[in-house]
Structures are given as structure tokens and as C-alpha cells.
**Q** 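Can you read through this structure? Questions will come right after.
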Amino acid sequence: MENLTEKQKRFVDFYIQTGNASEAARLAGYEEKSARQVASRLLTNANIKNAIDARLKQLESERIAKDKEVLEYLTAVMRGEVVESIPTQIGTGNGIFHTELLDKPPYIKDRLKAAEMLAKVHGLFTEKTEVKVDAAQLLIDTLTSVWERKDE
């Protein structure tokens with residue numbers, strides 16, 4: 001966005017916020033009566049298109065959690081470092097209640113699930129599958145298959 005004017009930069013930001021080019025042009029400071037034409041012209045400008053694409057890509061990457069962030073969150077849950085605010089009814093007498101938010105650590109089952117997911121990521125669990133093979137039958141089947149192919 002370094003090769004855009006200040007108005008063009010504002011247009012890019014407002015266009016991303018509103019999704020409406022005419023509205024973005026008005027908010028960026030272009031004249032009301034020519035906003036539609038200016039917006040159309042701006043959207044065909046290669047520098048502005050590139051700036052919009054780059055900004056959208058940046059916003060998308062900010063919204064998506066990265067590997068490290070996910071691992072840090074799972075670790076915090078496993079250790080009970082995160083808290084959840086739970087609305088709780090508190091009795092004040094005479095059948096009158098009020099609601100308070102109480103912070104509580106994760107349940108043990110949630111902590112165990114986070115630990116299990118972390119262990120899988122780090123390869124601490126390996127799935128083992130037991131396979132029973134009848135070696136004699138396998139040899140007979142293989143030889144039979146080979147002989148049948150020779151006869152064809």
C-alpha cells in the first residue's frame with residue numbers, strides 16, 4: 001500500500017470494512033456525487049486490487065490459529081490455566097436469586113482430552129494393531145496363485 005495516496009489507502013480499508021465500493025469511496029473522502037464512478041475506477045486500478053488482496057490475506061491469516069497457538073492453548077487447558085466463566089444462580093433468601101459469573105478451571109475430562117491431543121501431536125501414543133496370520137495357509141494360497149498364473 002506504499003504506492004497509494006492517503007485517500008486510496010482509506011478507500012481500501014473502508015472497502016474491506018463495508019464490502020461496498022461506493023460507500024467506501026464516500027467514507028474515504030471522495031465527492032458524494034461521483035463516488036460510484038470513482039469507486040468503479042479505483043477497483044480496476046491494479047495497485048488498489050493488490051492492496052485489497054494483500055489486506056484480505058493478512059486479515060485471514062490473523063483469524064486462523066497457527067500450530068503454535070493451538071499447542072499453547074491445549075497446554076494451558078491441560079494445566080488448568082484457562083478459566084471459564086459460568087453463570088450461577090445465587091440465592092439471597094425469600095426465594096430471590098441473582099446471577100453471578102463464577103470462574104472455574106476446565107473439567108478433568110477436558111484436561112485429559114487436551115493432554116491426549118498433545119500426546120498425539122508429539123507422537124507419544126502409537127496405535128498398535130494385532131494381526132494374526134496363518135503362515136501355512138498364506139504359503140499355500142501364494143503357491144496356488146503362482147501355479148494358476150503359470151497354467152494360463
Side-chain angles (χ1 to χ4, degrees), residues 1-134 137-138 141-142 145 149:
M1 281 189 22
E2 62 276 346
N3 53 353
L4 301 180
T5 67
E6 199 54 44
K7 263 189 184 179
Q8 289 173 332
K9 290 177 184 177
R10 286 196 307 264
F11 172 80
V12 169
D13 290 338
F14 286 124
Y15 180 70
I16 289 170
Q17 283 178 359
T18 65
N20 183 313
S22 297
E23 179 70 13
R26 281 191 290 281
L27 292 171
Y30 292 95
E31 289 190 34
E32 181 88 25
K33 61 183 176 185
S34 62
R36 176 179 272 158
Q37 292 81 11
V38 169
S40 178
R41 184 176 43 81
L42 289 172
L43 287 176
T44 61
N45 181 313
N47 290 332
I48 291 178
K49 282 173 128 177
N50 292 338
I52 290 170
D53 291 344
R55 187 74 176 111
L56 288 173
K57 190 173 183 177
Q58 176 190 2
L59 289 172
E60 182 179 323
S61 71
E62 289 172 1
R63 286 194 298 250
I64 298 173
K66 303 288 185 258
D67 299 351
K68 182 179 178 188
E69 183 181 358
V70 171
L71 294 174
E72 287 172 352
Y73 176 74
L74 289 172
T75 300
V77 170
M78 182 195 75
R79 292 180 177 162
E81 295 169 351
V82 296
V83 293
E84 186 175 0
S85 294
I86 305 293
T88 306
Q89 295 287 324
I90 306 293
T92 57
N94 296 331
I96 299 173
F97 293 89
H98 72 278
T99 304
E100 286 184 17
L101 290 177
L102 298 177
D103 290 341
K104 71 162 211 59
Y107 290 110
I108 295 295
K109 66 181 175 70
D110 297 327
R111 293 173 73 172
L112 286 172
K113 181 66 177 176
E116 178 183 322
M117 293 173 81
L118 284 167
K120 284 182 181 179
V121 166
H122 293 297
L124 300 178
F125 294 146
T126 55
E127 299 291 327
K128 294 182 180 179
T129 306
E130 188 174 319
V131 178
K132 293 183 180 180
V133 177
D134 183 352
Q137 187 61 47
L138 180 61
D141 291 344
T142 304
S145 173
R149 276 190 250 140

**Q** Which pairs with one or both residues in residues 35-50 pass salt bridge (Lys or Arg N to Asp or Glu O under 4.0 Å), sequence neighbours excluded?
**A** none

**Q** Kindly write out the residues that satisfy side chain to side chain contact (heavy atoms under 4.5 Å, CB included) with D134, not counting sequence neighbours, or none if the list is empty.
**A** A136, Q137

**Q** With sequence neighbours left out, what residues match E69 under salt bridge (charged side-chain N to carboxylate O under 4.0 Å, His left out)?
**A** none

**Q** Going by the rule salt bridge (charged side-chain N to carboxylate O under 4.0 Å, His left out), which residues pair with E81 if we only count those two or more places apart in sequence or in a different chain?
**A** none

**Q** I'd like to check the side chain to side chain contact (heavy atoms under 4.5 Å, CB included) partners of N45; sequence neighbours left out, ordered by chain and number.
**A** Q8, N47, I48

**Q** For T5 and F11: C-alpha separation, side-chain torsions, deciding distance, then whether side-chain contact (heavy atoms from CB on, under 4.5 Å) applies.
**A** CA-CA 10 Å; T5 67; F11 172 80; over 6 Å; no

**Q** Which pairs would a plain distance check flag for residues 99-108, meaning a side-chain donor or acceptor within less than 3.5 Å of a matching protein atom at least two apart in sequence or in another chain?
**A**
{"residue": "T99", "atom": "OG1", "partner": "Q89", "partner atom": "NE2", "Å": "2.8"}
{"residue": "E100", "atom": "OE2", "partner": "H98", "partner atom": "NE2", "Å": "2.8"}
{"residue": "D103", "atom": "OD1", "partner": "S85", "partner atom": "OG", "Å": "2.8"}

**Q** I need the Y15 OH to L56 CG distance, nearest 0.5 Å.
**A** 8.5 Å

**Q** Tell me whether D67 at atom CG has more than 12 heavy atoms from other residues, nucleotides or ligands lying less than 6.0 Å away.
**A** no

**Q** Suppose we screen for side chain to side chain contact (heavy atoms under 4.5 Å, CB included). Which residues come up paired with E116, at least two apart in sequence or across chains?
**A** K113, K120, F125

**Q** Throw together a table of side-chain donor-acceptor distances under 3.5 angstrom for residues 22-31, partners on residues two or more places apart or in other chains.
**A**
{"residue": "E23", "atom": "OE1", "partner": "R26", "partner atom": "NH2", "Å": "3.1"}

**Q** Listed by chain and number, what are the side chain to side chain contact (heavy atoms under 4.5 Å, CB included) partners of L59, not counting sequence neighbours?
**A** I16, R55, E62, R63

**Q** To the closest 0.5 Å, what do you measure between CD1 (I90) and CZ (F97)?
**A** 9.5 Å

**Q** Give a yes or no on whether K66 atom NZ has more than 12 heavy-atom contacts from other residues, nucleotides or ligands under 6.0 Å away.
**A** yes

**Q** Would you be so kind as to tabulate the donor-acceptor pairs closer than 3.5 Å made by side chains of residues 72-80, with sequence neighbours excluded?
**A**
{"residue": "T75", "atom": "OG1", "partner": "L71", "partner atom": "O", "Å": "2.8"}

**Q** Would a distance-only check, ignoring hydrogens and angles, find a side-chain to backbone donor-acceptor pair under 3.5 Å from S34 to V38?
**A** no

**Q** Rounded to the nearest 0.5 Å, how far apart are CG of N3 and NZ of K9?
**A** 8.5 Å

**Q** With sequence neighbours left out, write down each residue that passes salt bridge (charged side-chain N to carboxylate O under 4.0 Å, His left out) with K109, or none if nothing qualifies.
**A** none

